[in-house]
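Note that this is a predicted model, so its numbers are computed, not measured.
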Amino acid sequence: MIRTELTRRLGVEAPLVGFNRSPEVVIEVSRAGGLGVLAVTPYTPEQLDAQLTWIEERLDGRPYGVDLLLPAKRVEGDADDYLRSLRAQIPEEHLRFVDGLMDKYGISKAGTTSADNWATSLSPSGVDELLEVAFAHDISLIASALGTPPSWMVTRAKETGVAVAALVGAGKHAQRQLDLGVDILVAQGTEAGGHTGTVSTMVLTPEIVDLGAQAGVPVLAAGGIASGRQMAAALTLGAAGVWCGSVWLSSNEDITPDVVKRKFLAARSTDTLRSPTRTGKPARQLRTVWHDEWEREDAPKPLPMPLQSLLVRDLWEEIDREAEAGEPGAKELASFYIGQAVGSFQRLRPTREITERMIAECEAELRRAGGLLG
């Protein structure tokens with residue numbers, strides 16, 4: 001058994017955090033001894049309440065957490081007519097470009113409101129509503145991504161015994177979070193999927209560990225960690241545990257479309273890139289013709305968050321649907337956020353198997369490393 005400050009604080013059996021947008025993945029990670037963390041920004045408050053209730057009914061009191069995107073910088077809109085005021089800021093050039101992509105690849109006009117929900121969730125009022133729902137449930141951890149959380153969130157968490165974690169990609173970001181009073185830092189290297197900085201996990205982790213030690217705050221390593229060997233390496237760098245996201249995209253329970261999962265299984269570690277073309281902020285994802293199109297000389301520059309999401313998020317939902325239906329153009333475009341660990345994917349496995357294998361392999365590697373001192 002591996003005991004660290006993380007396992008003591010959160011009451012988990014192993015220092016492994018599993019972040020995913022799929023409630024079933026969250027449940028299985030927690031059941032296997034880690035801490036499942038649900039990405040909640042895509043949900044409306046009503047949807048989030050239902051999902052957290054569903055998770056708790058199946059965990060029998062085991063701990064779990066939630067993660068919200070709290071961007072430090074974003075385009076602001078009129079509070080009285082938020083979505084309309086944001087959409088008014090999208091240039092006609094960008095609308096024409098996206099329409100041209102849809103025509104070129106035979107994608108139907110999107111009919112969802114996912115983009116509206118996403119933009120609303122990133123607004124100050126939307127963040128507050130999601131936080132209120134989260135605190136109404138029996139969460140053990142709440143994580144802030146992309147920026148510092150509102151001060152009332154930290155205060156409320158401390159009053160209710162909920163640990164506050166913050167994802168950081170540089171030392172200056174970590175210091176801001178420490179000044180605010182967060183309980184756990186997550187050093188997220190550039191290898192990670194989703195929104196990342198440019199510093200590698202091997203370099204970033206010990207830097208953030210040293211900063212955290214000065215404040216008595218444990219640090220988790222994130223980015224490129226998809227095996228027990230990598231988990232053991234993070235612990236020997238001084239981390240109190242690991243935060244993993246990409247590895248669960250190779251699980252049976254993850255809700256990513258099968259056509260994208262098949263692309264993941266065929267991909268190499270070099271087949272990813274950091275691109276702002278999905279959200280407006282650099283996020284690592286699987287490279288496809290989507291990125292080639294945005295890199296054309298005549299393509300407009302991606303818009304800042306949340307305007308880029310308003311522009312393309314509904315389109316991405318349509319791409320996923322049509323790719324699953326076998327439409328050639330959609331299959332070419334299909335992609336998702338994924339880290340460089342994608343090159344290690346060999347097959348789809350149950351989340352529980354992935355979790356237990358990582359923990360067992362980590363224990364074996366730590367024993368082997370200890371033997372080197374003999």
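Side chain of Ser227 to main chain of Gln230: a donor-acceptor pair is present (N/O by atom type, distance under 3.5 Å, no hydrogens or angles). Looking at Glu361, its side chain does come within 3.5 Å of a backbone N or O of Arg229 through a donor-acceptor pair. Listed for the Ser144 side chain is a donor-acceptor partner under 3.5 Å among the backbone atoms of Gly147. Trp248 contributes a side-chain N or O that, together with a main-chain N or O of Cys244, makes up a donor-acceptor pair within less than 3.5 Å. Here the side chain of Ser114 pairs no donor or acceptor atom with the backbone of Asp314 at under 3.5 angstrom.
Residue Leu178 holds its CG atom at 12.0 Å from OG1 of Thr148, rounded to the nearest 0.5 Å. In this structure, CG on Asp78 lies 11.0 Å from CG on Leu83, to the nearest 0.5 angstrom. Interatomic distance, CZ of Arg284 versus OG1 of Thr196, reported as 5.5 Å (0.5 Å rounding). For the atom pair CD1 of Ile319 and OG of Ser108, the computed distance is 11.0 Å after rounding to the nearest 0.5 Å.
Comment: Arg74 engages Glu76 in a salt bridge, judged by a side-chain N to carboxylate O separation of less than 4.0 angstrom. Look at Glu324 and Arg321 and you find no salt bridge, because none of the NZ, NE, NH1 or NH2 atoms lies under 4.0 Å from a carboxylate O. Under the 4.0 Å criterion applied to side-chain N and carboxylate O atoms, Arg8 and Glu5 are assigned as salt-bridge partners. Arg62 has a carboxylate O that lies under 4.0 Å from a charged side-chain N of Glu13, or vice versa, which qualifies the two as a salt bridge. By the 4.0 Å N-to-carboxylate-O rule, Glu24 lies too far from Arg58 to be salt-bridged with it. For the pair Glu93 and Arg96, the salt-bridge criterion is not met [side-chain N within less than 4.0 Å of a carboxylate O]. Taking the charged nitrogens against the carboxylate oxygens, Glu353 and Arg347 do have a contact shorter than 4.0 Å, which makes a salt bridge. A salt bridge does not link Arg368 to Glu363: none of the charged side-chain nitrogens sits closer than 4.0 Å to a carboxylate oxygen. Arg352 has a carboxylate O that lies under 4.0 Å from a charged side-chain N of Glu356, or vice versa, which qualifies the two as a salt bridge.
The ring pair (Phe, Tyr, Trp, His ring centres under 6.0 Å) test applied to Phe97 returns Trp294, not counting sequence neighbours. Contacts of Ser200 classified as side-chain contact (heavy atoms from CB on, under 4.5 Å), with partners at least two apart in sequence or in another chain: Glu191, Met202, Val203.
Between the side chains of His291 and Gln285, at least one donor N or O sits under 3.5 Å from an acceptor N or O.
For the pair Lys158 and Gly181, the tightest heavy-atom approach, listed with the atom from each and the gap, is NZ-O, 3.0 Å.
For the pair Arg274 and Tyr337, the cation-pi criterion (under 6.0 Å, within 45° of the ring axis) is not fulfilled.
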